[in-house]
2 protein chains.
Amino acid sequence: MQDRVAQRRALLLEAALEAFGTRGFHAVTVREICAGAGLTERYFYESFKSLEALFSALYLQLNDQLKRATLAALIAANASSSAWDSSSRIDVLAGAALRVLLEFIRDDPRRARVMLIDAISISHDVQQISGQITREYMELTRRFIDQLFPNAASRGVDLDLIASGLLGSNIHIATHWVREGLKTPFDVVLRNCLAIYQALGAYWPKLAASTMPDKPTPAA
Amino acid sequence: MQDRVAQRRALLLEAALEAFGTRGFHAVTVREICAGAGLTERYFYESFKSLEALFSALYLQLNDQLKRATLAALIAANASSSAWDSSSRIDVLAGAALRVLLEFIRDDPRRARVMLIDAISISHDVQQISGQITREYMELTRRFIDQLFPNAASRGVDLDLIASGLLGSNIHIATHWVREGLKTPFDVVLRNCLAIYQALGAYWPKLAASTMPDKPTPAA
DNA sequence: TTAGATTGACAACGTGCATTGTCAAACATG
DNA sequence: CATGTTTGACAATGCACGTTGTCAATCTAA
């Protein structure tokens, strides 16, 4: 029966989240996954070719969940703010997306280990996937700031780099948050993540329109 | 002779930078390190207890180099700008530190793999070290922005979080830069890294003094 | 009930690696 | 020169894991 196969696959994915999300990819073996899932090794190879394949599947699954939730929140937020000024739209849109991300991590911190730490340091295959997904989020961010400030892409401002930086700030803050055991209150984390977007949003017009330092402060 | 031991240790560290920096920690074996160093396995254990110990030593070495260069650049930059306004001091100090970081990566991109990617995903021991070093850089950044804007730590602004975000933006931009083969010009990368600092610097007074959104834009 | 498929526990095999050991050649030093 | 130390190449051991195979127990369907 195919339902049985799918059910076992789901069990394996759950065990994978537990194992990879707590001990990290490289500390996990096939036997451990099977023990955690309450299955024997045979059923591992029934659904996955290797540990890497299992990790990839888990990673893609988590990412799909996050992406769906983010896009849903974004269109909902966008519907309720389409006529406001830029500053408010940053608050609403970036706030909505950041809230989804932080809730996703807070609700199950094992996801952070899988998505934010391990995914970028495993084999070439997984890094390809991770790179592709990162590029998707960068594209989302890039489009986001591009739409808010259409005149931004000038005078040495590189939207990809800014988007990469914003993404990195979110990732690092979230990772650090989890590492510290989520002891910082959720709203404080969200507020400060958002503050970076707000700061760039406020600074953007000045940045794009007027002086950008052409000699980037040679050191010493 | 102890010089001989130290020399072999240096050879091993160099081979480690090549191996870890190009293929990543988990794809590397003791034998490969020894082959790369032109030594036999015996001399590996003469200087290091395990691959992890070698990695830790390499990581600490690289970090020491970067830290020294950064501090030197900072005091040099600080000496030449002690009386200017806040905005210019951001440009000079953050610009100097960022320049050092980006040069360090550009001059040898293998360092990025070791310091920015692998160091956070290996065993617990290495993660302890990595966490400690991250905390040091966060403290540096935190002191940096704290000194520039003493009134900032108010109204829900968490300097640790902002520092973490800035650090994350640098790390992510640098990592992405290396992944893309350093094809983006150095000055463009530097300018845009710096822009995030400048944006926060410009936004800070407003942020700390006046309205910070107390309800963080509930989504949907 | 009975034949065929499915399951579960676990043994078996092969592999790749860390780690230690062997031994002869090269070397330094009295 | 002679002796003890250092070096280099590589074999030997042991372990942990991935992967496949065995076999009896259980379940399913006529």
Side-chain angles (χ1 to χ4, degrees), chain A residues 1-59 113-114 118-119 121-127, chain B residues 1-59 114 118-119 121-127 129:
Chain A
M1 285 178 180
Q2 303 181 346
D3 332 1
R4 276 311 190 184
V5 174
Q7 190 175 338
R8 283 195 286 261
R9 199 186 127 100
L11 281 174
L12 287 168
L13 280 170
E14 189 148 326
L17 177 58
E18 171 63 21
F20 294 148
T22 56
R23 264 162 300 144
F25 178 79
H26 291 99
V28 170
T29 68
V30 172
R31 286 191 234 266
E32 283 177 281
I33 293 285
C34 295
L39 298 173
T40 78
E41 295 91 334
R42 172 149 43 129
Y43 296 114
F44 179 90
Y45 297 101
E46 176 190 60
S47 289
F48 302 100
K49 191 172 56 63
S50 63
L51 266 187
E52 266 186 37
L54 173 60
F55 184 91
S56 296
L58 173 64
Y59 178 52
R113 169 93 212 210
V114 172
D118 278 351
S121 68
I122 312 185
S123 81
H124 205 248
D125 295 352
V126 182
Q127 281 184 50
Chain B
M1 285 177 179
Q2 302 181 346
D3 332 1
R4 276 309 188 185
V5 174
Q7 190 175 338
R8 283 194 287 260
R9 199 186 128 101
L11 281 174
L12 287 167
L13 280 170
E14 189 148 326
L17 177 58
E18 172 63 23
F20 294 146
T22 56
R23 264 163 299 145
F25 178 78
H26 291 100
V28 170
T29 68
V30 172
R31 288 191 233 267
E32 282 178 282
I33 293 285
C34 295
L39 297 172
T40 79
E41 295 92 332
R42 172 147 43 126
Y43 297 114
F44 179 90
Y45 296 100
E46 176 190 61
S47 289
F48 302 101
K49 190 172 58 60
S50 64
L51 265 187
E52 268 187 34
L54 173 60
F55 185 91
S56 295
L58 173 63
Y59 178 51
V114 172
D118 278 352
S121 69
I122 313 187
S123 81
H124 205 247
D125 295 352
V126 181
Q127 281 184 52
I129 300 173

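Letters go in sequence order (proteins before strands), and every chain restarts at 1.
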Roughly, in whole Å, what's the span from [atom1] in [X] to [atom2] in [N]?
X       : N      : atom1 : atom2 : value
A:Arg42 : C:dT7  : CZ    : P     : 8 Å
A:Phe44 : C:dG8  : CZ    : C1'   : 18 Å
A:Tyr45 : C:dC10 : OH    : C1'   : 15 Å
A:Glu46 : C:dA5  : CD    : P     : 16 Å
B:Leu54 : C:dT19 : CG    : P     : 12 Å
B:Ile33 : C:dC17 : CD1   : C1'   : 14 Å
A:Tyr43 : C:dC10 : OH    : P     : 15 Å
B:Arg8  : D:dT6  : CZ    : P     : 9 Å

Flag side-chain contact, heavy atom, 4.5 Å: [X] against [Y]:
X       : Y       : result
B:Arg9  : B:Phe48 : yes
B:Leu51 : B:Phe20 : yes
B:Leu54 : B:Phe25 : no

*asked:* With a 3.5 Å distance limit and no angle check, can you tell me whether A:Gln127 reaches the backbone of A:Ser121 through a side-chain donor-acceptor pair?
replied: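 Such a contact is absent between A:Gln127 side chain and A:Ser121 backbone.
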*asked:* Nearest to the B:Thr29 side chain among C:dC10, D:dT7, C:dC17, which nucleotide is it?
replied: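 Of the options given, the side chain of B:Thr29 lies nearest C:dC17.
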*What does A:Arg4 touch in the nucleic acid at a heavy-atom separation under 4.0 angstrom: a base, only the sugar-phosphate, or nothing?*
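It contacts sugar-phosphate atoms only.
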*Is any side-chain N or O of A:Arg31 under 3.5 Å from a base N or O of D:dT19, one able to act as donor and the other as acceptor?*
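A donor-acceptor contact between them is present.
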*Quick one: on DNA chain D, does B:Leu39 or A:Glu41 contact a more 5' nucleotide (nearest heavy atom)?*
B:Leu39
